[in-house]
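Everything below concerns the one structure shown next.
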Amino acid sequence: MKRLSVKQAILYIGGILVCQISWMGCFPLVPAYFTAICLEDAMRGLFSLAMLAGIVLFVPLTAAVKYLMALLVIWITIKLFEWIEGRCTAFCGAVAATIATAMSSFAGALLDMRDGAGFLVSAFEALFVFSAVMMGTRLVDLFLQLSLIPKKTEEGHFYREQRLESYADSFSGLSKVFYRMGAARKEFSAEQMGRIQNELTGSLCVNCNQCAVCWQKEESTMSAYLAYMLQSLQRTGEPDQEIVVQMQEHCPYTDAVIHEAVRIFEKARLNLAWYNRLLENREMIAQQLDAMAYIMEDCANEVTDITDENHRLVAEVKYRAKERGLIVQKLNLYENKAGRWQLTCQAHAKNRDCVSMKELTRAVSVGLGQAMRPHRDERAMIGRQNSMVLFEEDTCFHETHAVARRVKDGCDVSGDNYSFLTMDNGQMVMMLSDGMGSGDMANKESGLVLELLEKFLEAGFSKETALKLMNSAMVIRGEDDLYSTVDICSVDLYTGGCEIYKVGAAATFLKRRNYVERVESSSLPVGVSHRLEIRNTKKQLADGDFLVMVSDGVLEYLQGAEWDSEWGEGPGPEPEDIMCGILKQLSYSRPVQLADAIMDEVLSRTGGLAADDMTILVAGIWRK
């Protein structure tokens, strides 16, 4: 506030000094300077008094009357514009100053031709006033803005980044420790087999009278038979009958030995299963630690403050906003890790109850020289109260999407669930999950899968990390025979790039202008194994392309349909080939029309019957 007061004082002193500058008996800087300062609305009362003092002290009486009348007209005109329109632009102020000065000069010239500057001089004066106002408003605004740009200290921000990166390294190192703890084993090691044999002989043979005969040598016949029997138990779970017969010739307690061996082996197998389960849990914990390390690194390098390097652009935004009746303060310009700009500011309406957000968006876009847009959660109007506003660099593409679905005949609820998610980083994520079976249980399972994915993606995790965390949660949940497929299409609306992730899902189709592509996968659904196999395919979309995502029920219908004569004899083409043929024939410009047409075509091949849940998601992308 003190800095602003000093700047205002300098402007007031300047108003007194410009009254001394004359040209051929004219003082054109008086109306020009007065208009430029009044447009800034910086304490007009005190400034008017300063200008009045300067005119009285330095301007001749005849000229003083002329310019006082001109200043009064300018002040009234600016106030009228602000009262009616809520703002007075620099152009309107310049026109008002020009007309007021010209009228005063022409009137003086008509009354006293001998002392007047003449009509030609008056015309040049009016032209000079217009140009001086247009340039002066910019100079005054820049003069005030330079004092308001705070010098930021990055030490605290740098320290926080260092701490986050240190935490990320710690979590990453801890996850590597868990990964090194061992891998799951399907068979017993030689050492474990030796312990099983020692436990068996220690519980039975030690009390047998023939113990010394059977085990007096390290490589005795009984030792070989027992080793063969344990190996057969490991392979099949039952002792080999041929080995049993041979053992009976040497040991009278063969049945007891076999019974005890089966018991010990089952116990060892159960211990191995629990050990493997522990290792799986360790691996899932390691994945979660990796995810935490990723999100911390992402937060540490999220945005860079570039306000100081672009202070002229920031000042231009303030000026453009002021021209539209908005006061903008505390502007901060950031660049994210993708190189795209973000702007935060406080804004309020100057002379009206509210101003459309579109006006501020235009001011920000013109000021920065970049197409900007407000955050999707921002309000539509800006009132008299200060409010924080976030702007993001606008995308190059826009999309629309639609869905067509059909519930399995005889069911009330579909086992398929879908989601369309708009991310803050300019990505549109389209997700489809098909729960095993149909009905309420399948619906709950697929719904839980999508709910977890949405939360992880909104938290800032990558798609791969979100899928791994979601799969870990489903594995730990431990529900038998409740698995779901996952199909994700992520479209970057800045570049048009598309990433397709498939986990046990049906094929996805890309309908382009002249041909159709498909993306397939043969991986297992989520929740089956702690090690998730993720298939990632990258594609580049163009203006007018469509993404078509379907559940298994849609393609199963096509597989069971009667083939047209064009396919010839034989078992017929694959269902994915038929879907490609359908998409080639259909020509619609709206996703909702395309989705409905695909569903109608599928149902026409099945007589209108739905033997499984069917869901079709369609998204179209167009360049802005």
Side-chain angles (χ1 to χ4, degrees), residues 145 149 152 154 157 161 295 297-324 326 328-347 355-382 387-401 420-430 457-463 489-499 538 540-543 545 619-624:
Q145 298 300 337
I149 298 176
K152 299 177 178 60
E154 299 292 337
H157 182 64
E161 284 187 359
I295 200 68
E297 289 177 353
D298 187 64
C299 290
N301 304 311
E302 187 174 7
V303 292
T304 303
D305 193 334
I306 57 173
T307 308
D308 289 341
E309 295 88 334
N310 298 274
H311 61 274
R312 292 185 179 178
L313 296 179
V314 172
E316 184 70 13
V317 170
K318 290 186 177 183
Y319 177 78
R320 295 288 180 177
K322 179 177 64 66
E323 287 280 284
R324 289 169 169 79
L326 291 161
V328 177
Q329 300 170 331
K330 297 182 179 179
L331 281 85
N332 289 289
L333 187 62
Y334 301 99
E335 185 178 56
N336 61 21
K337 58 184 180 181
R340 301 186 181 99
W341 285 4
Q342 296 176 342
L343 179 77
T344 61
C345 64
Q346 282 187 356
V355 178
S356 172
M357 179 64 75
K358 292 182 180 179
E359 293 291 328
L360 181 57
T361 303
R362 294 191 188 101
V364 172
S365 299
V366 174
L368 295 181
Q370 289 268 18
M372 304 293 287
R373 63 175 183 179
H375 189 268
R376 55 192 173 95
D377 295 330
E378 292 295 348
R379 63 189 70 189
M381 306 296 291
I382 299 175
S387 58
M388 288 297 301
V389 185
L390 171 63
F391 287 93
E392 303 165 338
E393 191 173 328
D394 200 6
T395 58
C396 300
F397 295 88
H398 70 94
E399 62 83 26
T400 58
H401 50 260
F420 293 96
L421 191 62
T422 303
M423 307 292 292
D424 292 338
N425 57 2
Q427 291 190 356
M428 188 279 294
V429 182
M430 183 168 59
L457 291 177
E458 288 174 346
F461 291 101
S462 65
K463 281 75 176 181
C489 287
S490 175
V491 180
D492 189 337
L493 297 178
Y494 286 103
T495 63
C498 174
E499 290 185 325
K538 295 184 178 181
Q540 180 63 40
L541 301 182
D543 182 51
D545 287 349
I621 182 172
W622 293 271
R623 184 173 290 276
K624 292 183 177 179

For this session: Evaluate the criterion side-chain contact (heavy atoms from CB on, under 4.5 Å) for residue pair Tyr494 and Asn425; output intermediate values, then yes/no.
Result: CA-CA 9 Å; Tyr494 286 103; Asn425 57 2; 6.0 Å; no
For this session: Take Lys624 and Asp394 through the test side-chain contact (heavy atoms from CB on, under 4.5 Å) and record every step on the way to the result.
Result: CA-CA 10 Å; Lys624 292 183 177 179; Asp394 200 6; 2.8 Å; yes
For this session: Before giving the answer on side-chain contact (heavy atoms from CB on, under 4.5 Å), spell out for Leu493 and His398 the whole-Å C-alpha distance, their side-chain angles and the decisive distance to 0.1 Å.
Result: CA-CA 6 Å; Leu493 297 178; His398 70 94; over 6 Å; no
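With a 4.5 Å cut-off on side-chain heavy atoms, Asp492 and Ser490 do not count as touching. Considering only heavy atoms from C-beta on, Val317 stays 4.5 Å or farther from Phe391 through its side chain. At a threshold of 4.5 Å between non-hydrogen side-chain atoms, the residues Val491 and Glu399 do not count as touching. At least one side-chain heavy atom of Cys396 sits less than 4.5 Å from a side-chain heavy atom of Arg623.
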N/O donor to acceptor pairs below 3.5 angstrom from side-chain atoms of residues 366-375, sequence neighbours left out:
unit_1	atom_1	unit_2	atom_2	d
His375	ND1	Asp377	N	3.2
His375	NE2	Asp424	OD1	3.0

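One finds the CD atom of Glu378 at 9.5 Å from the CG atom of Leu360 (value rounded to the nearest 0.5 Å). Separation of atoms CE (Met381) and NZ (Lys358) is listed at 10.0 Å; rounding is to 0.5 Å. Taking CG of Asp308 as the reference point, atom CD1 of Ile306 lies at 10.5 Å (rounded to 0.5 Å). Interatomic distance, CD of Gln427 versus NZ of Lys463, reported as 3.5 Å (0.5 Å rounding). Thr361 OG1 to Arg324 CZ: the interatomic distance, rounded to the nearest 0.5 Å, is 10.0 Å. Note that CG of Leu343 is 11.0 Å distant from CD of Glu392, once rounded to the nearest 0.5 Å.
Closest approach of Met423 and Leu457 over heavy atoms only: CE-O, 3.1 Å. For Ala347 against Val328, the heavy-atom pair with the smallest separation is CB-CG2, 4.3 Å. The minimum heavy-atom distance between Ile621 and Gly496, with the atom names listed, is CD1-CA, 4.3 Å. The nearest pair of heavy atoms linking Phe397 to Asp543 is CE2-N, 4.5 Å.
Taking a 6.0 Å sphere around NZ of Lys538, one finds it holds 12 or fewer heavy atoms contributed by other residues, nucleotides or ligands.
Evaluation of the salt bridge (charged side-chain N to carboxylate O under 4.0 Å, His left out) rule for Glu316 yields Arg138, Arg320 as partners, not counting sequence neighbours.
Ionic pairing of Arg340 and Glu393 is not present here: no N-O contact between side-chain nitrogen and carboxylate oxygen is shorter than 4.0 angstrom.
In this structure, Thr307 contributes its side chain and Leu333 its backbone to a donor-acceptor pair below 3.5 Å.
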